[in-house]
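Chain naming here is simple, since letters A, B, ... match the order of the sequence lines and numbering starts at 1 in each.
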Amino acid sequence: MNEREIILREITNIVTELGVVNVPIVLERPGDMSHGDWASPVALSIASRLGKNPREIADHIAELILKKNISYIASVSVADPGFVNIFLTKDFFETSLRRALEEEENLGGTSIFDGKTVLVEYTQPNPFKPFHIGHLMSNSIGEAITRMFEYAGAKVVRANYQGDVGLHVAKALWGMLHKGVMPDDISGIGEAYAYGHEMYETDTIAQQEIVNLNKKIYERDPSILEMYTKGREATLAAFEKFYSILGTQFDLYFFESEVWELGMTLVTEGLEKRIFERSEGAIIFPGERYGLHTRVFVTKDGVPTYETKELGLAILKTQRSTFDLSITVTAVEQEQYFSVVFKALELLRPEYKGVFTHIHHGMMVVPSGKMSSRKGNIITGEELLLDMISRAKEKVSDRGVENVEIIAQEVAVGAIKYMVLKQGLGRNIVFDKEKSLSFEGDSGPYVQYTLTRARSVLEKALSEKITAVVRINGNPTVLERMIDRFTEKIVEALENREPSVVTQYLVALSSEFNAWYAQQKIVDVQNPESSHNVAVTRAVMAVLSRGLYMLGIPTPLKM
RNA sequence: GCUCCCGUGGUGAAAUGGAUAUCACGACAGGCUUCGGACCUGUUGUUGGGGGUUCGAAUCCCUCCGGGAGCACCA
């Protein structure tokens, strides 16, 4: 039992002793740390039942808590209109700091997913199409979620699913044929896709040609096979470069070309079981029966749609890996699509109910609205990354550190990932090149910078031979009390599938550390408290470095 | 039309139903003989409208207004 559970249990006992039952006992982190480490508004909720004034009850409860002699509690106070505020002891925080220094590498690790395997599918760029900033978003979120699960004891499988067949490929190939683009010309392929897409929408002859081409791709027709194979490889190789810069190493790759046949067998089976239906020549899943909407799984030309491939993908995942939970990370535009597909899967394979889940995040939009190749307002991942790296390089160069290239890249990746991970998943990010990415304040580089500063302090401590010794003199500071909350934040982030919980915590801790740093000289042979201050610095460093790792944000040594 | 998500200072965001709504950017005024100024201190300014539930609402319910996403052969 941790301190919270013990305090909660005692308060519950006290409330029962007061003769009140069936009331939820709330013990929470007060919004303002000056109110205490834990707070309970329980007096407010039972006041009306007891017919007494909440303040009076709170005073009484505070007195009873003190009488319990709980070893973690230093003091209990009452605030209007009837909050009971609890401060924990110096001993408690000293123990917590010592643990931070000892655990370092595994700091904040929990065991809530011990023995479980979680497969996370994310990024999902499509060969023959540009790697755009939406893919950066999915990658950042997926990688953070994966690492958090890893930290909670789970075995994780990183999976990527890439669409190497489908209408978008036909559009690109058609464009390449008409514009004479060579299959190793990445940017040419991107333009060819945009051209093919536009012609598909506006020209009926082109549309028919593209549909025919699409069939040929599925049939691996020799007339286009070489162009297809080379183009596929060239774009996939370009994606690999991004994964490496972003810090993701996938364990499994899935391609649409290898799942559609499996999907088709499921659809055929579903047709027999009357889960699917024929309608206007196509095979559909009538989602209305389940409060959802109808989707087409096989077109009237007999071509499987994305929906069918998704079914095949699910089965292929189970063939290549064993897992307790599968999470697919995509943008919100696919939210309802997944509800339908997973419902169909559940009907076909009831044993997978609840195993396949989906996390959706907001979209990267530009000030003029949604990005689309037709509007010509797509920002590619490469553009953004190169742009950020060159800006970071300017700053790094001024500082006379070595390995400018590497550090600029780490800072740029940190800035981009932080931008994605700092806010709730549900929100869109309006991407404005000038404003969105900052190196100051609430930013990735701010946290990275805080870490490098802490590291410098510790280097100096080493040279002055001041070692870390935990000994809190007086009341625990806000900084010391915050360090203790690391694990709790990870668990919260994991339970809510919300990496921003960790991001917010790290920036708040950085801010607190920077303010503390500015107040005094940490390494000071004249100051008897210096050893303790060095210990606090080391603990902060451990938390920041583990926290950033968990978010997938690089931790430069110097910057 | 139906379904889902979102409206918080000038801007971008935070807040398991709890206290005086918290940060950052911007603007303005300050701070380096110090361990790194990508920093710190201070000032400025906010819950779309209207009902309801509750001891207590940015949060839950209803409704209106505004924005985004999805809804049959795209991924």
- Note on the structure: Those residues at least two apart in sequence (or on a different chain) that pass salt bridge (Lys or Arg N to Asp or Glu O under 4.0 Å) with A/Arg232 are A/Asp164
Polar atoms only, N or O, under 3.5 Å: list the protein pairs with nucleotides 53-55 of chain B and their distances.
none

N/O-N/O pairs, protein side and nucleotides 73-75 of chain B side, under 3.5 Å:
unit_1: B/rC73; atom_1: O2; unit_2: A/Lys300; atom_2: N; d: 2.7
unit_1: B/rC73; atom_1: N4; unit_2: A/Glu280; atom_2: O; d: 3.1
unit_1: B/rC73; atom_1: N4; unit_2: A/Glu280; atom_2: OE1; d: 3.3
unit_1: B/rC74; atom_1: OP1; unit_2: A/Tyr200; atom_2: OH; d: 3.4
unit_1: B/rA75; atom_1: OP1; unit_2: A/Leu167; atom_2: N; d: 3.2
unit_1: B/rA75; atom_1: OP2; unit_2: A/Tyr306; atom_2: N; d: 3.2
unit_1: B/rA75; atom_1: O3'; unit_2: A/Glu256; atom_2: OE1; d: 3.4
unit_1: B/rA75; atom_1: O3'; unit_2: A/Glu256; atom_2: OE2; d: 2.8
unit_1: B/rA75; atom_1: O2'; unit_2: A/Asn126; atom_2: ND2; d: 2.9
unit_1: B/rA75; atom_1: N6; unit_2: A/Arg295; atom_2: NH2; d: 2.8

- Message: Tell me every residue that passes side-chain contact (heavy atoms from CB on, under 4.5 Å) with A/Ala170, counting only those two or more places apart in sequence or in another chain.
- Response: A/Ile210, A/Leu213, A/Asn214, A/Ile217
- Mind checking side-chain contact (heavy atoms from CB on, under 4.5 Å) for A/Asn527 and listing every partner two or more places apart, or none if nothing turns up? A/Asp524, A/Glu529, A/Ser530, A/Asn533
- Dot-bracket encoding per residue of RNA chain B, Watson-Crick/G-U cut-off under 3.5 Å, | denoting interstrand: (((((((..((((....[...))))((((((.......))))))...(((((..]....))))))))))))....
- Message: Under the rule for side-chain contact (heavy atoms from CB on, under 4.5 Å), what residues qualify as partners of A/Val396, not counting sequence neighbours?
- Response: A/Val401, A/Val404, A/Ile407
Is there any protein nitrogen or oxygen under 3.5 Å from a nitrogen or oxygen in nucleotides 3-6 of chain B, and what are the pairs?
unit_1: B/rU3; atom_1: O2; unit_2: A/Gln336; atom_2: OE1; d: 3.1
unit_1: B/rC4; atom_1: O2'; unit_2: A/Glu335; atom_2: OE1; d: 3.3
unit_1: B/rC4; atom_1: O2'; unit_2: A/Glu335; atom_2: OE2; d: 3.4

- Message: Applying side-chain contact (heavy atoms from CB on, under 4.5 Å), can you list everything that pairs with A/Glu280, at least two apart in sequence or on another chain?
- Response: none
- By salt bridge (Lys or Arg N to Asp or Glu O under 4.0 Å), which residues pair with A/Arg289, not counting sequence neighbours? A/Glu277
- Message: Using the side chain to side chain donor-acceptor pair (under 3.5 Å) criterion, which residues pair with A/Glu495? Sequence neighbours excluded.
- Response: none
Each nucleotide N or O in nucleotides 21-32 of chain B that has a protein N or O under 3.5 Å away: list the pair and distance.
unit_1: B/rA24; atom_1: O2'; unit_2: A/Asp442; atom_2: N; d: 3.1

